[in-house]
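In what follows, chains are A, B, ... by sequence order, proteins preceding strands, each numbered from 1. Just so you know, these numbers come straight off a predicted model, no measurement behind them.
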There are 2 protein chains.
Amino acid sequence: MKIATELLKGVLEGIVLQRISTGETYGYEITQYLNAHGFEDVVEGTVYTILMRLEKQHLVAIEKKKSDRGPARKFYRLNVAGEDRLIQFWQQWAYVNTQMTQLKESRHD
Amino acid sequence: MKIATELLKGVLEGIVLQRISTGETYGYEITQYLNAHGFEDVVEGTVYTILMRLEKQHLVAIEKKKSDRGPARKFYRLNVAGEDRLIQFWQQWAYVNTQMTQLKESRHD
DNA sequence: ACTGCTATATAGTATTACAAAGTAGTTGGG
DNA sequence: CCCAACTACTTTGTAATACTATATAGCAGT
């Protein structure tokens with residue numbers, strides 16, 4: 001499904017954090033995963049910008065490892081600040097979700 | 001609850017469309033309503049820019065009416081294109097929601 | 001060599017929410 | 001009458017973020 005890119009703002013960062021939190025991973029793999037799981041139009045450039053943003057905000061630990069299939073990979077793991085941010089993200093998401101549902105179901109007086 | 005403004009991008013337009021769809025309304029009222037229903041930090045400037053965007057995209061019909069309490073109000077109603085857009089919005093929202101839930105519950109192999 | 005896949009990086013653009021300030025009409029208190 | 005408070009709309013500028021497009025590079029198979 002085609003998703004308006006504006007609807008992904010803020011969401012994609014949460015998704016990337018979530019993906020990293022379940023085990024160390026790297027940009028290319030994250031992109032492939034998202035493309036195969038409902039976010040078909042997300043491109044590499046987007047994921048890499050997010051990863052570099054996370055790094056700049058000190059939410060991740062990075063380790064470079066050689067690959068047997070191509071260039072070296074930069075593996076990401078969440079640090080404590082990253083885990084906190086992820087928790088916050090899901091709380092906000094749940095909250096927005098709740099409010100949206102109520103809004104949709106409510107009528108004018 | 002404090003919501004990251006990035007998480008509202010795209011969402012607010014849908015909310016405003018939804019609010020208009022349940023009966024003709026105007027900017028100030030929409031702002032008040034949102035502030036009282038989970039979106040406390042949304043300010044007038046934001047709502048008015050959205051309304052003008054909707055107008056520019058020909059999704060609404062506008063009627064100016066005198067108020068007994070202050071300056072004249074600009075009332076908004078959705079036209080057919082606006083209704084379509086609203087339907088699309090909820091479809092995309094539901095889709096993203098589904099994918100997010102699956103993503104949160106999934107683990108690395 | 002060339003193609004394709006793996007992998008990272010970055011410059012530029014469009015969109016959008018928010019901050020901040022301004023303009024105006026109406027009402028009620030002093 | 002003046003001023004504050006509330007109602008109501010508008011506009012300018014800024015920050016954040018996803019996307020477009022492109023570049024770089026390693027490795028494998030033909």
Side-chain angles (χ1 to χ4, degrees), chain A residues 2-17 20 24-36 39-57 59-60 62-76 85 89 92 96, chain B residues 2-17 24-36 38-57 59-60 62-76 85 89 92 96:
Chain A
K2 180 68 188 165
I3 311 168
T5 113
E6 295 310 326
L7 210 49
L8 293 180
K9 293 206 174 166
V11 170
L12 276 183
E13 182 176 304
I15 290 177
V16 170
L17 283 168
I20 295 174
E24 126 182 307
T25 184
Y26 54 98
Y28 189 78
E29 191 187 58
I30 294 171
T31 309
Q32 299 295 103
Y33 183 84
L34 293 182
N35 290 164
F39 301 96
E40 303 150 29
D41 297 327
V42 175
V43 295
E44 298 174 8
T46 300
V47 173
Y48 287 114
T49 354
I50 292 172
L51 288 173
M52 289 194 260
R53 210 157 70 218
L54 297 180
E55 182 182 357
K56 204 170 290 176
Q57 294 173 14
L59 302 175
V60 288
I62 300 179
E63 197 181 349
K64 209 160 193 171
K65 293 184 188 176
K66 281 175 190 153
S67 166
D68 51 335
R69 311 269 305 157
R73 299 165 175 164
K74 275 177 74 177
F75 282 89
Y76 292 80
R85 174 71 133 265
F89 170 75
Q92 289 185 34
V96 170
Chain B
K2 180 67 189 164
I3 310 168
T5 114
E6 295 309 327
L7 209 51
L8 292 180
K9 294 208 172 163
V11 171
L12 276 182
E13 182 176 304
I15 289 176
V16 171
L17 283 168
E24 121 181 313
T25 183
Y26 54 98
Y28 189 79
E29 191 188 58
I30 294 172
T31 308
Q32 299 296 102
Y33 182 85
L34 292 182
N35 290 164
F39 301 96
E40 303 150 30
D41 296 328
V42 174
V43 294
E44 296 177 10
T46 299
V47 172
Y48 287 112
T49 34
I50 292 172
L51 288 173
M52 289 193 259
R53 210 158 69 219
L54 298 179
E55 181 181 359
K56 204 170 289 175
Q57 294 173 15
L59 302 176
V60 288
I62 301 179
E63 197 181 349
K64 208 160 195 172
K65 293 184 188 176
K66 281 175 191 155
S67 165
D68 50 337
R69 310 270 304 156
R73 299 165 173 162
K74 276 177 72 178
F75 282 88
Y76 293 81
R85 174 71 132 265
F89 169 76
Q92 289 185 34
V96 170

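- As a whole-Å value, the separation of A:Arg53 CZ from D:dA15 P is 16 Å.
- Atoms NZ (B:Lys65) and C1' (D:dA8) sit 16 Å apart, rounded to a whole Å.
- Each of B:Ile50 and B:Glu44 was matched to the nucleotide of DNA chain C holding its nearest heavy atom; the match closer to the 5' end belongs to B:Ile50.
- Contact annotation for B:Thr31: no contact, since no heavy-atom pair falls under 4.0 Å across all strands.
- A donor-acceptor contact under 3.5 Å is not formed by the side chain of A:Lys9 with the base of C:dT16.
- Closest to the side chain of A:Met52, out of C:dA9, C:dT6, D:dC6, is C:dA9.
- Put simply, the residue from A:Thr46, A:Leu54, A:Thr25, A:Val60 that forms a side-chain contact (heavy atoms from CB on, under 4.5 Å) with A:Val16 is A:Leu54.
- A:Gly27 comes within 4.0 angstrom of sugar-phosphate atoms only, judged by non-hydrogen atoms across all strands, and of no base.
- Of all heavy-atom pairs between A:Gln92 and B:Lys2, the closest is CD-O, 3.6 Å.
- Here D:dT17 presents its C1' atom at 12 Å from CD of A:Gln57, a figure rounded to the nearest Å.
- Residue B:Arg73 has a polar side-chain atom (N or O) positioned under 4.0 Å from OP1 or OP2 of D:dA8.
- Toward the 5′ end of DNA chain D lies the nearest nucleotide of B:Phe75, the other residue of the pair A:Gly10 and B:Phe75 mapping further downstream.
- Neither OP1 nor OP2 of C:dA17 sits under 4.0 Å from any side-chain N or O of B:Thr49.
- Checking A:Thr46 against A:Arg69, the closest nucleotide of DNA chain D that is more toward the 5' end is the one next to A:Thr46.
- Remark: of the listed residues B:Thr5, B:Leu12, B:Ile50, B:Ile3, B:Leu12 is the sole one forming a side-chain contact (heavy atoms from CB on, under 4.5 Å) with B:Val42.
- Of the candidate nucleotides C:dC18, D:dT17, C:dA7, C:dA7 has the atom nearest to the side chain of A:Tyr26.
- The CG atom of A:Leu59 sits 11.5 Å away from the CG atom of A:Leu51 when rounded to the nearest 0.5 Å.
- Close to D:dT10, at under 4.0 Å from its OP1 or OP2, lies no side-chain N or O of B:Tyr48.
- For D:dT10, the OP1/OP2 oxygens have a side-chain nitrogen or oxygen of B:Lys74 closer than 4.0 Å.
- Considering A:Arg73, A:Lys74, A:Lys65 in turn, A:Lys65 is the only one that fulfils the salt bridge (charged side-chain N to carboxylate O under 4.0 Å, His left out) rule with A:Glu24.
- Among the protein residues, A:Leu51 comes within range of no part of the nucleic acid, since none of its heavy atoms lies under 4.0 Å from any strand.
- Between the P atom of C:dA7 and the CD atom of A:Glu29 lies a distance of 8 Å, rounded to the nearest Å.
- The distance between atom CG of B:Asn35 and atom P of D:dC6, rounded to the nearest whole Å, is 14 Å.
- Side-chain proximity of A:Thr5 to the nucleotides D:dA18, D:dT10, C:dA7 is greatest for D:dA18.
- Distance CZ (A:Phe39) to C1' (D:dT17): 16 Å, rounded to an integer number of Å.
- The side-chain contact (heavy atoms from CB on, under 4.5 Å) with B:Ile15 is formed by just one residue from the set B:Val47, B:Leu34, B:Leu8; it is B:Leu34.
- Atom CD in A:Glu55 sits roughly 10 Å away from atom P in C:dT10 (whole-Å rounding).
- Of the candidates C:dG25, C:dT6, C:dA17, the closest approach to any side-chain atom of A:Gln32 belongs to C:dT6.
- In this structure, A:Glu6 places its CD atom 17 Å from P of C:dT13, rounding to the nearest Å.
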